[in-house]
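Since we're looking at a predicted model, the values are computed, not measured.
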Amino acid sequence: MRWPVSQWGVFLALLLLASLCFATDSRYYKILDSLQSADSTTQGSFASIALLELMEVYFAEADLARNESGSSAERSKRIGWSRAVEQYSTQLSLVIDDIDSGMPVALHLHAREVAAVSVAGRTIMLAHPRSGQQQAYEQSVLTRFCIGDVCRDLVAATETHEPIPMSSATVTPHWDFGPSGPVCSHLNLSIEFDSGGKLALQKQLCQQFMQEVEVLSTEIAWQTKHGVDTQWYSLSIKPTPMKPEHLVLLNTAGDSLLISLPLLYGTKDALKKVTPWLRGRHASEGPPAVSLEANRLGWH
């Protein structure tokens with residue numbers, strides 16, 4: 001079954017837009033570059049994962065189009081669009097089947113386009129339909145692909161030989177109680193609460209916040225160990241549609257993290273305030289002292 005010409009035009013235009021304004025210096029593209037000389041099994045594994053992630057993205061787009069409200073005419077157009085996108089997703093699944101059956105795979109890198117994968121002569125752009133979510137898509141692909149030592153071996157030449165940073169599974173903040181109110185702390189990072197607040201809520205906020213910054217610091221340190229440069233002055237967090245994770249943008253090259261940081265994201269200026277602590281968390285001299293006030297964070 002072929003798509004109507006009008007739907008193909010819109011769909012291809014959407015893919016073209018998704019291919020604009022992206023960086024090719026990220027870890028994702030470094031791994032893709034290294035894959036050019038990798039064995040066919042490793043290339044096929046990456047291609048399968050990238051296409052599977054893309055297939056899930058387009059199925060989600062189809063669901064979103066069907067569920068959006070609007071006039072009957074608009075709804076009819078969206079239903080047509082969702083069917084076309086589902087058809088494309090189904091075609092992606094067939095390409096994955098071709099890879100699994102041993103069909104030849106080629107990965108393509110171009111200076112002005114997103115990466116692409118060719119399977120038995122059929123080329124597919126590895127582009128998220130929403131250009132703003134391209135980095136989240138690339139990070140999801142890396143999360144699935146970089147299991148064990150695969151990515152470390154691919155980019156071994158750019159990595160340091162320092163131990164991989166580790167953090168405890170659960171952070172246990174220290175508490176001090178004084179006349180002005182309780183203070184919780186974790187490795188030189190402290191939060192001052194008012195004496196009249198609900199202690200149970202204060203403990204929940206502190207626990208969640210300390211856990212999030214600890215996880216974030218470890219993830220950043222892990223990326224640094226694998227050759228990623230964090231531009232601390234531009235560190236930012238963005239939401240991802242229909243996913244619980246948040247996208248942490250590390251640099252202008254396009255490197256990012258995909259982790260759940262609801263409190264850090266939802267608290268104004270919190271990331272900026274803890275950036276010095278994040279920067280020094282895994283340094284040999286340890287993190288600097290950073291003190292926060294719950295009221296100034298909006299935690300009343």
For the hydrophobic clusters of this structure (ILVMFWY residues joined by side-chain heavy atoms under 4.5 Å, transitively), does one cluster hold both I124 and I96? yes
Examine distances only and state if a side-chain atom of T267 and a backbone atom of L264 form a donor-acceptor pair shorter than 3.5 Å. no
For the backbone of E293 and the side chain of E192, can you confirm whether one donor and one acceptor N or O come within less than 3.5 Å of each other? no
Linked, directly or transitively: V290 and L297 (ILVMFWY side chains, under 4.5 Å): yes
Just one of Q204, Q211, E212 clears the side chain to side chain donor-acceptor pair (under 3.5 Å) bar with Q208, so which one? E212
Applying side-chain hydrogen bond (donor to acceptor under 3.5 Å, both in side chains) to N188 and not counting sequence neighbours gives none
Is a donor on one side and an acceptor on the other found under 3.5 Å between the side chain of D269 and the backbone of K272? no
Atom of I99, atom of S48 and distance for their closest heavy-atom approach: CG2-OG, 3.2 Å
Does Y88 share a hydrophobic cluster with Y137, counting links as ILVMFWY side-chain heavy atoms below 4.5 Å and allowing steps through other members? yes
Can you check whether G196's main-chain N or O pairs, donor with acceptor, with D194's side chain at less than 3.5 Å? no
Would L271 and L278 satisfy side-chain contact (heavy atoms from CB on, under 4.5 Å), going step by step from the backbone distance to the final call? CA-CA 9 Å; L271 180 61; L278 292 170; 3.9 Å; yes
Checking side-chain polar atoms at under 3.5 Å, does S118 have a donor or acceptor matched by the opposite partner on T123? yes
Answer yes if the side chains of S101 and D98 hold a donor-acceptor pair under 3.5 Å, and no otherwise. no
Is the side chain of D255 donor-acceptor paired with the backbone N or O of R27 at a distance under 3.5 Å, no angle test? yes
Counting only N and O atoms by type, is there a donor-acceptor contact under 3.5 Å from the side chain of Q202 to the main-chain atoms of F193? no
Once the angle between the rings of H186 and W277 is folded into 0 to 90°, is it parallel (under 30°), tilted (30 to 60°) or perpendicular (over 60°)? tilted
What are the two closest non-hydrogen atoms of A50 and V141, and how far apart are they? CA-CG2, 4.0 Å
Is T143 reaching over with its side chain to a backbone N or O of Q139, donor-acceptor style, under 3.5 angstrom? yes
According to a hydrophobic-cluster definition based on side-chain heavy atoms being under 4.5 Å apart (Ile, Leu, Val, Met, Phe, Trp, Tyr only), do L107 and L92 belong together? yes
Is it the case that the side chain of T42 and the backbone of A38 share a donor-acceptor pair, with hydrogens and angles ignored and the cut-off at 3.5 Å? no
Pairing donors with acceptors under 3.5 angstrom, does anything connect the side chains of E138 and Q134? yes
Q36 side-chain N/O to L32 backbone N/O, donor-acceptor pair under 3.5 Å: yes
Heavy-atom closest pair (A136 atom, T240 atom, distance to 0.1 Å) is CB-CG2, 4.1 Å
Looking at R144 and E56, does any basic side-chain N land under 4.0 Å from a carboxylate oxygen? yes
Whether E214 and R281 form a salt bridge (side-chain N of Lys/Arg under 4.0 Å from carboxylate O of Asp/Glu) is what I want to check. yes
In terms of the angle between their ring planes, are H246 and Y265 parallel, tilted or perpendicular, with boundaries placed at 30° and 60°? tilted
Just wondering, do S26 and N251 contact through their side chains at under 4.5 Å, heavy atoms? no
All heavy atoms of V119 vs all of M103, minimum pair found to be CG1-CB, 4.0 Å
Measuring only between side-chain heavy atoms, which start at C-beta, is V57 closer than 4.5 Å to P129? yes
